[in-house]
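Keep in mind that this is a model prediction, so the values were computed, not measured. In what follows, chains are A, B, ... by sequence order, proteins preceding strands, each numbered from 1.
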Number of protein chains: 2
Amino acid sequence: MDMGNRKRLILQAIIEDYINTAEPVGSRTISKKYLTGTSSATIRNEMSDLEDMGYIEQPHTSAGRIPSDKGYRLYVDTIMKQNTINEAQREMIKKEFIDSMGEIDRMIKHASKLLSQMTQYTSIVIAPQFRRTGIKQIQLIRIDKAVILAVIITDAGILKNSVLRLKQDVNPDALIRITNMLNDKFAGLGMEDIESFDLQDLLNNSMGHGEIIEQVLPELIQTLLYSDTSEVYRDGVSNILNLPEYSNINKARDFLNIMEERELLFKVLNDVHDDVNVSIGKENKLEQFKECSLITATYKINDKTIGSVGIIGPTRMEYSKAISIVECMTNNLSEILTNILKR
Amino acid sequence: MDMGNRKRLILQAIIEDYINTAEPVGSRTISKKYLTGTSSATIRNEMSDLEDMGYIEQPHTSAGRIPSDKGYRLYVDTIMKQNTINEAQREMIKKEFIDSMGEIDRMIKHASKLLSQMTQYTSIVIAPQFRRTGIKQIQLIRIDKAVILAVIITDAGILKNSVLRLKQDVNPDALIRITNMLNDKFAGLGMEDIESFDLQDLLNNSMGHGEIIEQVLPELIQTLLYSDTSEVYRDGVSNILNLPEYSNINKARDFLNIMEERELLFKVLNDVHDDVNVSIGKENKLEQFKECSLITATYKINDKTIGSVGIIGPTRMEYSKAISIVECMTNNLSEILTNILKR
DNA sequence: GTTAGCACTCTACCGAAACGAGTGCTAATT
DNA sequence: AATTAGCACTCGTTTCGGTAGAGTGCTAAC
């Protein structure tokens with residue numbers, strides 16, 4: 001059976017009406033609101049075909065049709081019109097960012113809030129990923145007897161610090177030499193390189209500071225590699241309770257439960273690599289998201305992906321709007337973060 | 001009318017039964033389950049008195065009674081038995097902390113998770129408050145042309161850093177002199193002192209570095225005073241959906257909405273100063289908490305309050321258990337944080 | 001002061017009936 | 001051959017009356 005243009009229009013009508021109303025759409029509704037030139041009987045026939053083709057479903061006899069995941073997929077890929085957010089909204093995102101600039105952290109939280117406010121779904125954002133950047137500089141600062149502070153500055157201008165407690169005191173000169181040594185070794189390296197770093201090699205060339213380096217380095221590497229896992233921000237979690245899909249308390253609870261699993265959310269967002277990705281319903285790997293759609297996008301510093309943002313909503317999602325917003329958001333984030341670096 | 005011992009027992013019975021069942025408690029239930037020697041008729045009379053005295057309420061004629069806020073208050077203050085958590089649970093809290101030690105941040109998140117898991121309510125924790133500590137040391141580090149990193153180390157060993165971008169480059173020697181100058185002025189001061197700090201005075205004695213100090217200082221003070229607002233962690237928000245109080249979607253949504261207002265939560269937790277505080281129902285200043293109870297406790301470093309934790313639940317809360325858990329938690333937090341310092 | 005008994009009240013629950021939205025099929029129309 | 005009108009049928013939702021049950025307040029007896 002082929003997909004005539006009228007079928008396409010009917011599918012579009014069903015999806016868009018269902019997105020608005022969350023009610024199964026009947027043939028008469030379509031005939032009256034969308035395809036006024038066509039009778040409901042004709043549309044019924046077409047709908048029957050669409051059902052056979054798997055694009056729509058019937059919750060029960062004598063109800064209208066609702067889109068299937070496959071239907072949404074076709075819609076997203078070939079039917080819907082793109083970029084529906086208007087210039088004013090784009091400006092809003094841009095402007096809001098300029099206002100919130102300063103601390104990267106605050107900016108990220110703000111991005112999350114904006115996303116959820118504009119879409120009325122739940123947003124998730126992961127903070128810039130240290131691991132994905134390179135090391136620019138390492139500074140060791142003596143703050144007390146046998147206590148030093150390690151500050152790490154990355155390509156992306158992100159800082160990490162950790163307090164290292166040593167067994168013995170270090171004199172300032174030695175500390176400077178050690179700092180230089182570490183910088184020689186580490187500056188310019190990517191985090192991937194650190195993982196396979198040869199500790200022994202460094203120790204052999206430690207010019208008498210072996211003992212100290214032996215104490216400092218493991219902690220330092222630890223900080224470098226693992227400190228920034230799972231910095232996840234959510235916003236608008238309560239938005240989903242406005243949706244009829246979640247008027248069922250149990251579903252709502254399930255959803256909220258996942259939203260409290262930071263590590264899980266982190267993972268989900270972290271292994272997306274496309275610029276913009278749309279996962280519809282059962283396309284999601286996670287069992288708990290089988291009735292949701294997830295729109296994700298990555299943001300970059302100097303064209304290197306270092307984080308991502310996402311929107312979670314019901315499969316009945318305003319895809320077009322959500323996609324444009326997420327896209328616009330990551331573009332702005334990338335631009336601003338990259339600029340912060342250049343300054 | 002005076003409060004005889006039997007009235008007290010009946011009130012206790014009503015409250016404890018209601019805490020367990022969330023159903024209005026009738027006279028027959030009490031006569032059968034709690035005061036087996038007394039007939040339901042007698043208890044009815046007593047209950048009528050208790051209602052007149054304002055300790056219990058009737059949702060409608062021909063329903064049992066439920067405790068009023070005043071009733072809970074009396075219960076918490078004079079009736080309930082204290083410290084109901086057992087040694088095993090105490091050990092659990094202690095042990096969990098030892099496991100999660102290391103980064104303060106992680107520890108705080110973990111505390112929040114533990115609180116909500118053990119109580120099955122929603123927990124809120126605010127991270128150690130920088131503002132409430134004194135400055136130990138300030139370090140300025142040149143990381144690039146006209147870019148310096150300010151690291152602040154406080155009494156409590158907490159660090160803050162901010163990147164400062166200057167209009168002109170600074171040579172290392174000047175930076176050291178400036179650093180020393182700042183340390184002379186700031187080290188040992190409490191955050192309260194900073195607020196009233198006389199900028200002009202420092203500028204007058206700036207030994208030729210006035211221009212740089214003028215650029216550095218405002219940002220630095222900004223960081224000191226405002227950077228750590230609203231580091232709030234929540235956990236177990238979805239727990240409340242298990243409670244019959246929130247089977248009504250609207251109430252649940254209201255609750256979730258508040259829980260997304262970090263600043264609000266921060267404020268609520270931040271202006272509690274007692275060691276342990278219980279606010280019941282309408283005793284809460286916040287409109288949205290009029291049907292909740294809030295148990296808060298503060299934790300300290302070296303006997304100086306620097307943060308607090310709290311539990312939010314329905315007025316029908318297991319006060320005794322919740323209070324002990326919160327108390328135990330803050331004691332452990334205080335101890336461990338204080339020890340971290342000493343090391 | 002306490003208790004048994006009883007009339008009364010109010011809610012929650014249940015089932016039947018009416019309703020209405022929507023379908024699928026058939027026959028007529030274009 | 002495609003479209004449409006008409007109609008019987010299905011199934012979920014709403015409404016409504018009736019009933020059961022829990023609990024009270026009051027009275028009279030103990």
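Take A:S48 and apply the side chain to side chain donor-acceptor pair (under 3.5 Å) test, not counting sequence neighbours, and it matches no residue. Every residue meeting the side chain to side chain contact (heavy atoms under 4.5 Å, CB included) condition with A:T122, not counting sequence neighbours, appears here in chain and number order: A:V237, A:I240, A:F255, A:M259. Annotation: side chain to side chain donor-acceptor pair (under 3.5 Å) contacts of A:T29 (sequence neighbours excluded): none. Evaluation of the side chain to side chain donor-acceptor pair (under 3.5 Å) rule for A:N284 yields no partner, not counting sequence neighbours. Shown here are the side chain to side chain donor-acceptor pair (under 3.5 Å) partners of B:S68, two or more places apart in sequence or in another chain: there are none. Checked against ring pair (Phe, Tyr, Trp, His ring centres under 6.0 Å), A:Y319 has the following partners two or more places apart in sequence or in another chain: A:Y72.
Taking the charged nitrogens against the carboxylate oxygens, A:K251 and A:E291 do have a contact shorter than 4.0 Å, which makes a salt bridge.
Contacts with DNA chain C (heavy atom under 4.0 Å) in residues 29-44 of chain A: A:R44, listed by number. DNA chain D is contacted by A:H60, A:T61, A:S62 of residues 54-67 of chain A, taking any non-hydrogen atom closer than 4.0 Å.
Nucleotides of DNA chain D with any atom under 4.0 Å from a heavy atom of chain A span, from 5' to 3', D:dT3 to D:dG12.
Legend: salt bridge (Lys or Arg N to Asp or Glu O under 4.0 Å) pairs involving residues 20-43 of chain B, not counting sequence neighbours, sorted by first then second residue: B:D17-B:K33. Applying the side-chain hydrogen bond (donor to acceptor under 3.5 Å, both in side chains) test to pairs two or more places apart or on separate chains, those with a residue in residues 54-66 of chain A are A:E51-A:R65.
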Side-chain polar contacts of residues 75-82 of chain B - donor-acceptor pairs under 3.5 angstrom, sequence neighbours left out - could you list them?
| from | atom 1 | to | atom 2 | distance (Å) |
| --- | --- | --- | --- | --- |
| B:Y75 | OH | B:E16 | OE2 | 2.8 |
| B:D77 | OD1 | B:R73 | NH1 | 3.1 |
| B:T78 | OG1 | B:L74 | O | 3.1 |

